[in-house]
Each structure stands twice: as C-alpha cells, then as structure tokens.
Amino acid sequence: MRIKINSMSIVSLLESAAVNATKELFGHDLQPGQLPLTPTRKEFAGDYTLVVFPLTKIARKSPDAIAAELGEWMVSNVEEVTGYNVIKGFLNVELGTTYWNNFLRKAVNTKNYGRQAPNGKRVIVEFASPNTNKPLHLGHIRNILLGWSCSKILEAAGYNVINVQVVNDRGIAICKSMLAWNLFGEGETPESSGIKGDHLVGKYYVAFESRFKEEYAAWQASSTGKEIVENHQKENETEAEFFGRYKNTYFNEYSALGKQAKAMLLAWEAGDAETVALWKQMNSWVYAGFDQTYAQLGVHFDKLYFESDTYLLGKAIVEKGLSDGLFQKKQDGSVFVDLKDVGLDEKTLLRKDGTSLYITQDLGTARIRYDDFGAKHMVYVVADEQNYHFKALFETLKKLGEPYADGLHHLAYGMVDLPTGKMKSREGTVVDADDLMAEVIGEARENTKERGELDSLSADEREDIIRKIGLAALKYFIIRVTPQKRMIFDPKESVDLQGQTGPYIQNAYVRIKSVLRKAGELNSGSFEDYRGLEEQERELLILLAKFPELVEAAAAEYDPSEIANYCYALAKEYHRFYHEHSILNCDSENVKKFRLDLSSLTAEVLETGMDLLGIEMPDRM
RNA sequence: GGUCCCGUAGCUCAGUGGAUAGAGCACCUGACUUCUAAUCUGGCGGUCGCAGGUUCGAAUCCUGCCGGGAUCACCA
C-alpha cells in the first residue's frame, strides 16, 4: 500500500480546507487565518478545533448548523479528517489514526526535523557588547542568552547567521581602571595574582571608585565644598541629594583623580606610547577573561568590532550626508539630523568640536558590517533603555538610503532585577556572571552526588554532565521569560532543578535515552498502523507536529521564550506518557515499536529545541 | 510634562480575539521489588490594575484613569 503523506503541515492543510469548504458551501472567499484553528482542548473529543462564529453573517445560519455542514464537507473531501463533533459553534475535527501513524513514520525519518532549508538570506546578530572595565554580570547573561538563542533560531529558520559584538574598549571608564592600576597596582597581573583578567581590571575600577568616593567626601567637608552646597543647593534638597547630583560636575572640575583620569584619556587619544601600551595590556587581560566566560556559557562570535577601530569611521558618513543635504549644521559647528518627520526629534551626529558620538559610531559600524558580510538584515540585542537610540539610528540609516536600512531590528529586553530590587554596582549587589555559573554548577553537583546515578562514570564525564545540568537550570530560568519584560532573578529559584526548569526538560530526554539504550537497534518507522492511540500519545503527536511552525514563529518574532515554553510543555507531556504507559514491556511488539519511535522523535525535538536556547542535553543524569 | 514598555493566583511566569484563564514555586496529599521519583496523582489558590467602548465572544483590540519602569545628552 502506498502511503500518502502530504508535505503540508496539518494546520495549513486544515486551514486551506476550511477556505475551500466555505467557498463551496457558502460561496464566500475567506482570507487565510480568518477562521481560527487551534488544537482541541483536552476535555473535548477531536484534534483541531475550528471556530465558525465568523461565518454566521456570511452563511446566515446558526453556528451549529454551519459547523455541521463544514464537518460533513471535511469528512468527505479531506482524506485526513475521519470525523467531527460540534459543541456550541466549535467544530472539533477528528483526524484518523492513519494520519498520525503516517506523520510519525515520516517525521522520525526526517533529518533535522523542525529546521528549515537555507533561505539564502544573511543576517548579522549583535549581542554581548560589553565595556572592558568590568567583568560580565547577570544583565550581560540575559543579553548573551537572548542573542545566542536568537542566532540559533534564525539559523534553524534558514538564515545564514553571523554573530558579532561591538566592544567598547575606549573611553573614561577603562582609563579609571588604568589609572588605579598605575597608582595602586604595584605591577599586579592575572598571573601574579591568580585573578581572572576581567576581574582584575574590575578590581581596579572598583578601587578607583572607592578612592574617588573618599576624595569626594573629604572635599564635601572642606570649605570649598561647603560653599558650593550653600550656593547651589535647591530648595527642599538635602545635602546628600545635592552631592549625588553634583558628582559629575565635581569629577570634571575639582577632583584630582578625575583630572588624572581625563589626562589619561587625552594621552590615549593622542596616541601616547606608554598609555596605549598599558591600555593594550589591560584590555588583553579583559579579553582573556571574557573568552573564558563565553566559553563557559557556550557561545562564540564570528567577528568582533572594536570602538577604538571604528569610532572615527561614522564621521565620513555624516560628512557625506551633510554635503548631500540630508543633515544640517548648526552655527556652533555641530551636525544634526532632523527626525521630526518620523515622530522623533533632532539628533546630534557630530559634536561642535567635530568628534564623534555613540550614534556616529553605530552609523559607521552598520556600514562596515554590511561591507564585510553583505547582510541586509541586522539584529541588535540591546537593553530597552536604548529604545530611543535605535529608533533614531534606524531612521537615520533610512534617510541615508542604506541598502540594509529596512532589515534592521532592535531586540529590546527588560532589565534583570533582584528580589531586593535593582542591581547597583555602588551597593555591591551586582551578580557576577562567573560566580553565578559556578554556583548553579555547584548546586547541580550536590544534587548529583545525592542521587548517585552517575557514580559509575569517570570524574570527567560526571563533571561534564554536572556542568550541563547547572547551566541548563540557569539558562532556562532566564530565557523562558518574554524578552520585552523586565524580570526578577531570584538566585534561590535559579538553582532549582525541579518543576518548570531546564533539568526537568533534560530529565525527560535522559529517560528516553535510557529506554532507547535498552531497546537496542531500532528500525525507525517500521511499525504497522497503531489504532489504539492513547490520550498522551495523541497529545505528544500534536505537540510534535507543531514544532516546525513554532521555529518559524519564534524566528519571525525574535522570541526564544516561545521555544522555551514549548520544550517544557513537550517534556511535561512526555513525563506523563512515560508514567502511564510502559514502552519496553508493553504487550504488543508493534506498539513497542511505535512508542520507541514516538520517544525518539520527542528526544530529537527536545534536543533541537534546547539547542536553539543554547542548552546542552546530557545522555544520563 | 511628551513618548515607549509593563500590570494575570501569596511569589515567579505562560496565555494577545474563542469553550470553565493555565503552569511552576510555596502549602496540604497520595504513588518507587516495575523502562532514571531531577518524575507522576489529587487538593488549595484569580474582580486578569480600575472604568468605559467595539464584538456573537475581550486577560487579549480601542479610549480614559491608576500604579511601576525606561527614555526624552554635543554620555555610552
């Protein structure tokens, strides 16, 4: 017997069937998607549900009558539909077991089920983009996980993806670390101290800030300080509030440390050999440290752009735009673009002294990346505090007529808060990325020890699995939240290994792997039609069938959390199935074959889905 | 003040036009001589911020208000 398998997904097949049926029965052309089609809720019979209310005006019949007519039509015209039932205007379409048997036979033998063929388009994803004066923290982790996942999802949706980051390696911040190291460092290096490079540089940034704080406090008590408060303090403002507000002015105008740091910045910009050498030295320590953190997180980049290399290049673009009449120059010499026609404001592109700004650099890097890779799509993964910046940037690039200007997307995400409130470096509440990873892995190690499941493995194998489990807990905890939302990160919950967590999903996979190991060699897809589908089996098949569309939707919306929630739903359904039904010991050899295939497809989809989130799966745990 | 984002169970989050709004945590409860119990079963828990409007149907769309956050630099 020839097996007829439609290449269309079942959802689109039913949708187009609904369009045809409406045309034939009621003589009306339906727009695709006008009739909502959803999986049938568990309490009703059927696989997919068509809501027919929108047709009542067209057909001028009762919803139940319409649903019945559509149901009849589907049964006689659509091979896959074997029955239907109608409840209150909801048409529950029943697919025969043949359909699901065929689906499983085909999917289990599909290589890379859920991944699309290459679409020939190239996209650049920018993420991480740290400053080089401090180590990475929890906020960077959210950024990096989103960026990496987004990159993997776009790849699965058929794009050729390039991962890049822009490193802010210049400016006053790194000069503060450099100065503090010069003043108090006594030649300390990562090697001499055993401190990871980025942490060492961060240590001197903190040292600078605390010395500066002392200096500022002393100044506040001095006669100059007292005079300033009296003359500049606003009504209803406490002394502390005033000095909080005044800090930048103090740094720029009075501070001895501020003066030295600024002198260092000037020396750097002038190319002073000694300063540049120190700058290179300290940045190289930072990069070595970052590389370790990235490796531990399991991410990598195809290309790095350094602001020190690119910060001048945007200027040429602005000058060109000025001479083309796209931008305007003010009397004081500054250059701006007028974005009022697109609902924004005037945006300065060059300072009056001709130096470049943040946006100037971004204009330059956008052009350079296009020249490097020819990608017409770019995704910027940057926190939502920069929403306005990216609107202005994208509109400016449109005005310039850049060929990629319509393919730009800012993947904005909310800040990460702690249960105690915002992370504040001044209050020492910033959660360090390396510490956090070590902590979740430690928690996984404790739990693994208690369970004893891995005792027979070598120490290396065991440690590798423990790392996968710990990182899964951390990553899943962060990536499951919708990017747009601000999220609360509770360190206690992030190390949970039970419930809606990464390890819960890994556990479903591990259970399958264990069964498959015991089953031995499989001949995938060789089962005869299995008529007695159990509820959990049907639910699993419906979920599995949805996966390819889900990948496309997640790519279209740049939203990894959709994949994360799906993986949990699938794992949960599998755990239930596993608990209710025996696979290796079931009474029919054919059902056993079917269940092994169902399990191995579930494992593959879980592995793919979690891979799209940047989470690795262990074979045992 | 202008603009944008958010507001769903005690807590953390799903659900963005369809049926009686769902998970996890926490709390109470049952299930391991059986394929990994990092699992599964049952219970408890909601005026979906408030008020109008559109619709056969609204947590979801529109308007107003309240609360939280971000932003409105010749900083990045």
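Every heavy atom of this structure was used, including side-chain atoms; hydrogens, water molecules and symmetry mates were not. Lettering follows sequence order; numbering is per chain, from 1.
Toward the 5′ end of RNA chain B lies the nearest nucleotide of A:Lys572, the other residue of the pair A:Lys572 and A:His579 mapping further downstream. Mapping A:Thr348 and A:Val51 onto RNA chain B by nearest heavy atom places A:Val51 at the nucleotide closer to the 5' end.
The cationic group of A:Lys330 lies under 6.0 Å from the six-membered ring centre of A:Phe336 and within 45° of the ring axis, placing it in a cation-pi geometry. Judged by a 6.0 Å distance limit and a 45° cone about the ring axis, A:Arg480 is positioned over the six-membered ring of A:Phe477.
B:A58 and B:C25 have their C1' atoms separated by 30 Å, given to the nearest Å. When the C1' atom is used for both B:G7 and B:U20, the distance is 24 Å, rounded to whole Å. Here the separation of B:A70 from B:C62, taken at their C1' atoms, is 24 Å to the nearest Å. With P as the reference atom, B:C56 and B:G1 are 38 Å apart, rounded to whole Å. Separating the C1' atom of B:G18 from that of B:G57 is a span of 7 Å, rounded to the nearest Å. B:G15 and B:G22 have their C1' atoms separated by 7 Å, given to the nearest Å. Nucleotides B:C48 and B:G2, compared at atom P, are 29 Å apart to the nearest Å. If you take atom C1' in B:C5 and the same atom in B:C74, they sit 28 Å apart, rounded to whole Å.
Taking only side-chain atoms of A:Lys485, from C-beta outward, the nucleotide of B:A14, B:A19, B:C13 with the closest atom is B:A14. The side chain of A:Arg480 has B:U12 as its nearest neighbour among B:C75, B:U12, B:U36. Taking the side chain of A:Arg41 as heavy atoms from C-beta on, and the options B:U20, B:U55, B:A14, the nearest nucleotide is B:U20. Each of B:G18, B:U36, B:C35 was ranked by its minimum atom distance to the side chain of A:Ser582; first place goes to B:C35. Between B:A19, B:A76, B:C74, one nucleotide has an atom nearer to the side chain of A:Thr49 than all others, and that is B:A19. In this structure, the nucleotide among B:U34, B:C74, B:A70 sitting nearest to the side chain of A:Arg486 is B:A70. Side chain of A:Lys391, nearest nucleotide from B:C13, B:U3, B:U71: B:U3.
For A:Tyr568 and B:A23, the ring-to-base geometry does not satisfy the stacking test (centroid distance below 5.5 Å, interplanar angle below 30°). We find that the ring of A:Phe90 and the base of B:A19 stack, their centres lying under 5.5 angstrom apart and their planes tilted less than 30°.
In this structure, A:Phe212 and A:Phe251 have perpendicular ring planes: the angle between them is above 60°, well past the 30° mark.
Using a 4.0 Å heavy-atom distance criterion, A:Glu453 is classed as a base contact.
When each of A:Lys485, A:Arg486, A:Arg142 is tested with A:Asp417 by the rule salt bridge (Lys or Arg N to Asp or Glu O under 4.0 Å), just one qualifies, namely A:Arg486.
Within the 4.0 Å cut-off from OP1 or OP2 of B:A76, at least one side-chain nitrogen or oxygen of A:Arg351 is found. The side chain of A:Arg576 contributes an N or O atom lying less than 4.0 Å from OP1 or OP2 of B:U41.
Look at B:C4: its glycosidic torsion is beyond 90° from 0, and that puts it in the anti range.
Where RNA chain B pairs in unbroken runs of 3 or more (Watson-Crick or G-U, both distances under 3.5 Å), the stems are B:1-7 with B:66-72, B:10-13 with B:22-25, B:49-53 with B:61-65.
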Can you give me every donor-acceptor pair (side chain of residues 50-62 of chain A, partner residue at least two apart or in another chain, under 3.5 Å) with its distance?
from: A:Thr56; atom 1: OG1; to: A:Phe53; atom 2: O; distance (Å): 2.8
from: A:Lys61; atom 1: NZ; to: A:Glu69; atom 2: OE2; distance (Å): 2.7
from: A:Ser62; atom 1: OG; to: A:Ala65; atom 2: N; distance (Å): 3.1

